Every structure is written in structure tokens, then in C-alpha cells.
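Shown next, in C-alpha cells, is the structure this report addresses.
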2 protein chains.
Amino acid sequence: MQNSFTEENYLKIIHNLSGRDDLEVSTNALAESTATRAASVTDMLRKLAEKGLIHYKKYQGVRLTEEGQKVALKVIRKHRLWEVFLVEKLGFGWDEVHDIAEELEHIPSDRLVERLDAYLDHPQFDPHGDPIPDAKGNMPAPDYLKLSDIPLGHRALMMGVLEHTPAFLQHLDRSGLTLGCEIEIKEVNEFDKSAQIQINSQRTLFISQEVSRNVLVQRL
Amino acid sequence: MQNSFTEENYLKIIHNLSGRDDLEVSTNALAESTATRAASVTDMLRKLAEKGLIHYKKYQGVRLTEEGQKVALKVIRKHRLWEVFLVEKLGFGWDEVHDIAEELEHIPSDRLVERLDAYLDHPQFDPHGDPIPDAKGNMPAPDYLKLSDIPLGHRALMMGVLEHTPAFLQHLDRSGLTLGCEIEIKEVNEFDKSAQIQINSQRTLFISQEVSRNVLVQRL
DNA sequence: AAAAAAATTTAGGGCTGTCTAAAAATGTAT
DNA sequence: ATACATTTTTAGACAGCCCTAAATTTTTTT
Ligand SMILES: [Mn+2]
Ligand SMILES: [Mn+2]
Ligand SMILES: [Mn+2]
Ligand SMILES: [Mn+2]
């Protein structure tokens, strides 16, 4: 009674959409995220409920059960560990690894995951700054701020991103914004919230609000 | 028009069964290797023929087309590279890696394969001594002998195995028979072809014909 | 060259995961 | 409260890959 590739994807997506507060996830939201139609989602929800992986009442949205949560966190753990491997060991850019990890996350061996984790020195975060659940399914929930919420004149460390598209990540690369860099807000334009920032007390840079809302930081 | 997981497995198995001489492979042999029934094999053969990956005439057995050969060798390349990774980098035993590689071989990224190959320093052989095709699909066909064909008193280097089951590989481990070891035939019992051999000019060992027929060697 | 045996294909279905179209339930607005 | 809009579920179907049972073709034996 193994979970299929597709079932794992649904569970992972339900986890991501329900957020830290474990909100109900709607059929339409799942249809959007899985790139399928609402009718297909309903079929799958029935099956996942049957297997005890989600709480599902018709027309009421879904939440993961304890068991479903465990499966989702295992998939997320594998995804993020493989991303670390691809970047740290194989030299991929952080903009290239998501789609490959999307496949690798479904390779089933527990022994493989644990050895990979050890080989990578038990990393806490993936290349995008997302936390990696441990083998027991514990995942820290760091409370980062959006760069757009840092007040003028203050400094912060870049810790992650909200947007994971290659286009956005490549844009950050070209701007010199990488995980761990120190950012100081030098100027904010009121009418469009674009900003001038200084990176590592050196180069200064103009960024749009679109960028500053998708960069996660920790105040200094 | 990507090939499915299942299609790739059929192509790889057809390649392995047709051997160096590219012999025709029978429906029953495929049913056996894929652990399915002959009727299911026929369905798949029709589809693979449709896609131009095999030559198939009803009741005549199958052979790979040029295109099918290319796909099969890519899958074999990935399988064997992942096996090297699992043994060399993650510390798995050669008896543990086959099933995991059976999954990893279907991960599709070409860039991933080439980077993995480079990371492993372009290995020529997998942990079982099987040759790894290069990126263009060229695979050397080493002409090893079975240990059972080495005459009394002669020496040989262990280069590979014919049998890949965990049970057999673990038996070799317990016997101290590893790739690269030097073997001298000290004595052969006529009635059951069991033999006494000496490993690396040190320890001597009794082995059954079952073992000596499944160990590949190169004469010294 | 039949007849018998073995191998292979065809017929008819099942299960998974998807779809479109239609029906039902829920939410919103007057 | 009723009508309209939106969301969700049901109905019916299809492609991929598998199955058993029956028919057909090839191979082997007599
Ligand atoms: Mn990712
Ligand atoms: Mn990530
Ligand atoms: Mn193998
Ligand atoms: Mn191997």
C-alpha cells in the first residue's frame, strides 16, 4: 500500500498551501497548483481520504491528517536534500534545481535519504533558504520578514526567497543578491515602493517592490 | 513524446536479453524479465513498434531499432552511474544499490547525467564491473571469461559478476572475493567442478561451480 | 504430414489518473 | 428571501499498463 508519485505530489502541495496555520485548502487551489481540473482533484481527494491521509468533507476543503503530514514532510525533506546535493556537489545553480528535485523527491528508499543527509553534513536549509525537516518530520519555522518590511536605514541579512521561479532567481543573481548577504535600506520611493539598497556595505542597487516583497530577511 | 518509465524498462531489458550479437528476444523471455504476462508484453511491443523503437513482426520476436538502442543505452548509462555514486559517495555496498538505481535511472535530465558523470570522474565501470556507456552511447564490450573456464594452476583477475542478486554478492563478500582480486586455481574436483582457489597469493578458499560460473575474470 | 505441444496474439476487462459537461451545493447581492 | 454567481461534485469517457481466458500461429514429435 505505497503512495504513488501523484499522491505524494498532492500531499506536498496541500501542505504548502495550508501554510503554518494549517488552513483548509480548496479544490480550486489544488487544481491550480497541480495543473489539473477541479473534477480530477475531487477524485484524488476521495482516494486520499479513503487512505486516511487527509480530512475531507464534501464542499468543505481539505487538511492533512497526522499521517498525511508525515508523508508530506518526508517528500519535502527529500526534495530539499536533493536540491542541496545538486547545488553543493554537482555545481548546479539555485535556479536550475527545482524541476530535477521534483523528480528525485519520489525515490523511495529511506536508507538513501539518510545516507544522503549524512553525506551533505545534515544541512538545515536548502539552496533557497527553506528549512529541511529532520528524519522524524520536525521542521523549524523560521520567522523571516520580507525585505519590503524593513524600515529605511535599517540593515538585514538575506535568508531566503518567496518566489522560486528560475527567472526571479536569475534576476537576483544578476543583482548580486545571494543568501547571507547584508542589505541596508538606503532610500525608498513612496509612489512605487522601489528602493535603493546597499549590499555588504559595498555596491548600491535599485530594486522594485516586486523584488523586495519576495526576498526574505532577518533584521540585524 | 517522452518515453515512460515502463517503456524505458522494456527497452533496457530487450537490450540486455539480446546480448552482444543482437539476437531476437522472445515475448516469453520479456514476460519473465518484466514480471508480467505474455499478453501484456504483446501490448507493449505493439506500442514500442509504433514509436519506432523496436523491430517487431508478429510471432517473430523483437530487436531494438537504432533509436531504441540509443534510448536503452542512455538508461543503462544512468543506472550504472547512479550505482557508482551510491557506492563511492554514499557508502552503500554493491549488494544494496541495484534496486535504488532501478528508480534513479529514469530521472530524465541530460544535464544531471553529465554533471554526475563528471563528479564521479567519468568512471568506466560500475560497482559490478559492468561497462558504462559514454554520453554518445558507446559502450566497450570487454571479453571476460568465467572463472570456471580458467584452467588448473593458472591465475586471473576478478573483473565482474554475471549474477547480480544481493544473496550472491553478499556470498562473495563473505568469501573475500572482490573486484580486482587475483585468483589462482589450486585444485578442481572433477565430480562437481567445485574448486580450491587462492586469493591475492594469500588465503585459500573452496568455491562451488555455481560461484565460479558467475564470476568474470581476465587471464593473467 | 499429421498431431501434439509450446509460444504468441487477440478478446474482453480492471485500475489509475486524467478530461469535459452537467448537476448540485454554497456564497453573494439585491 | 430570492436570484445570480461561484465553487465543487457527479456522470461518463479515455489513455496507459496490466490481467485471464480463448484463439491462433509456430515448433516439435511421432
Ligand atoms: Mn524546489
Ligand atoms: Mn528549494
Ligand atoms: Mn544494477
Ligand atoms: Mn550494476
Side-chain angles (χ1 to χ4, degrees), chain A residues 1-15 17-19 23-64 68 71-72 75 102-103 105-108, chain B residues 1-15 17-19 23-64 68 71-72 75 102-103 105-108:
Chain A
M1 207 81 356
Q2 265 256 103
N3 302 307
S4 73
F5 190 104
T6 310
E7 287 163 351
E8 288 189 348
N9 278 332
Y10 270 86
L11 294 172
K12 189 183 61 163
I13 290 169
I14 292 168
H15 175 96
L17 291 178
S18 69
L23 301 171
E24 262 129 33
V25 177
S26 75
T27 301
N28 267 358
L30 282 169
E32 162 105 42
S33 287
T34 56
T36 63
R37 299 317 180 90
S40 310
V41 172
T42 300
D43 284 348
M44 180 58 80
L45 294 184
R46 204 197 317 282
K47 184 163 47 139
L48 292 173
E50 195 84 12
K51 294 178 83 169
L53 296 166
I54 60 174
H55 297 294
Y56 172 54
K57 260 167 284 168
K58 291 202 302 191
Y59 296 98
Q60 301 306 126
V62 289
R63 295 215 324 273
L64 295 176
V71 175
V75 176
E102 207 58 42
E103 310 271 338
E105 71 189 1
H106 302 292
I107 302 289
Chain B
M1 207 80 357
Q2 266 255 104
N3 301 308
S4 74
F5 191 104
T6 310
E7 287 164 351
E8 288 189 348
N9 278 333
Y10 269 85
L11 294 173
K12 189 183 61 164
I13 290 170
I14 293 168
H15 176 96
L17 291 178
S18 68
L23 300 171
E24 261 128 32
V25 177
S26 75
T27 301
N28 266 358
L30 283 168
E32 161 106 41
S33 288
T34 55
T36 63
R37 299 316 180 91
S40 309
V41 172
T42 300
D43 283 350
M44 180 57 82
L45 295 184
R46 206 196 316 282
K47 185 166 43 144
L48 292 174
E50 196 84 12
K51 295 178 83 169
L53 296 167
I54 60 173
H55 297 294
Y56 172 54
K57 260 167 284 168
K58 291 202 304 190
Y59 296 98
Q60 301 306 128
V62 290
R63 295 215 323 274
L64 295 175
V71 175
V75 177
E102 207 59 42
E103 310 271 338
E105 72 188 1
H106 303 291
I107 303 287

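Residue numbers start from 1 in every chain, and the chains themselves are labelled A, B, ... in the order their sequence lines are given, proteins ahead of strands. Keep in mind it's a predicted model, so treat the numbers as computed, not measured.
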I need the minimum non-hydrogen distance between [X] and [Y], along with the two atoms involved.
X: A/Ile54; Y: A/Ala49; result: CG1-N, 3.5 Å
X: A/Ala31; Y: A/Arg37; result: CB-C, 3.8 Å
X: A/Ser33; Y: A/Ile13; result: CB-CG2, 3.5 Å
X: B/Lys51; Y: B/Gln2; result: NZ-O, 3.5 Å

Integer-rounded Å distance: [N] [atom2] and [X] [atom1]:
X: B/Leu48; N: C/dT9; atom1: CG; atom2: P; result: 13 Å
X: B/Lys57; N: C/dT9; atom1: NZ; atom2: C1'; result: 17 Å
X: A/Asn9; N: C/dT16; atom1: CG; atom2: P; result: 18 Å
X: A/Glu32; N: D/dT8; atom1: CD; atom2: P; result: 12 Å
X: A/Leu45; N: D/dT10; atom1: CG; atom2: C1'; result: 14 Å

Residue list, side-chain contact (heavy atoms from CB on, under 4.5 Å) with [X], at least two apart or on another chain:
X: A/Asp43; answer: A/Arg46
X: A/Ser18; answer: A/Asp22, A/Val25
X: B/Glu8; answer: B/Asn3, B/Val75, B/His106
X: B/Thr36; answer: B/Tyr10, B/Thr34, B/Ser40, B/Val41

#### Entry: Residues in salt bridge (charged side-chain N to carboxylate O under 4.0 Å, His left out) contact with A/Glu102, at least two apart in sequence or another chain
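In terms of salt bridge (charged side-chain N to carboxylate O under 4.0 Å, His left out), with neighbours along the sequence ignored, A/Glu102 is linked to A/Lys12.
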### Message
Under 4.0 Å, counting only non-hydrogen atoms across every strand here, what does A/Phe5 touch: a base, just sugar-phosphate, or nothing?
### Response
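Touches nothing.
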### Message
Under 4.0 Å, counting only non-hydrogen atoms across every strand here, what does B/Ser40 touch: a base, just sugar-phosphate, or nothing?
### Response
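Base, at least one base atom sits under 4.0 Å.
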## Note on the structure
Whether each nucleotide of nucleotides 11-16 of chain D has a protein heavy atom under 4.0 Å at its base (B), only at its sugar-phosphate (S) or at neither (-) is summarised, 5' to 3', as -----S
Is there any protein nitrogen or oxygen under 3.5 Å from a nitrogen or oxygen in nucleotides 3-8 of chain C, and what are the pairs?
from, atom 1, to, atom 2, distance (Å)
C/dT8, OP2, B/Asn28, N, 2.9

### Query
Would you say a side-chain N or O of B/Arg37 is under 4.0 Å from OP1 or OP2 of D/dC18?
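For D/dC18, OP1/OP2 do not have a side-chain N/O of B/Arg37 under 4.0 Å.
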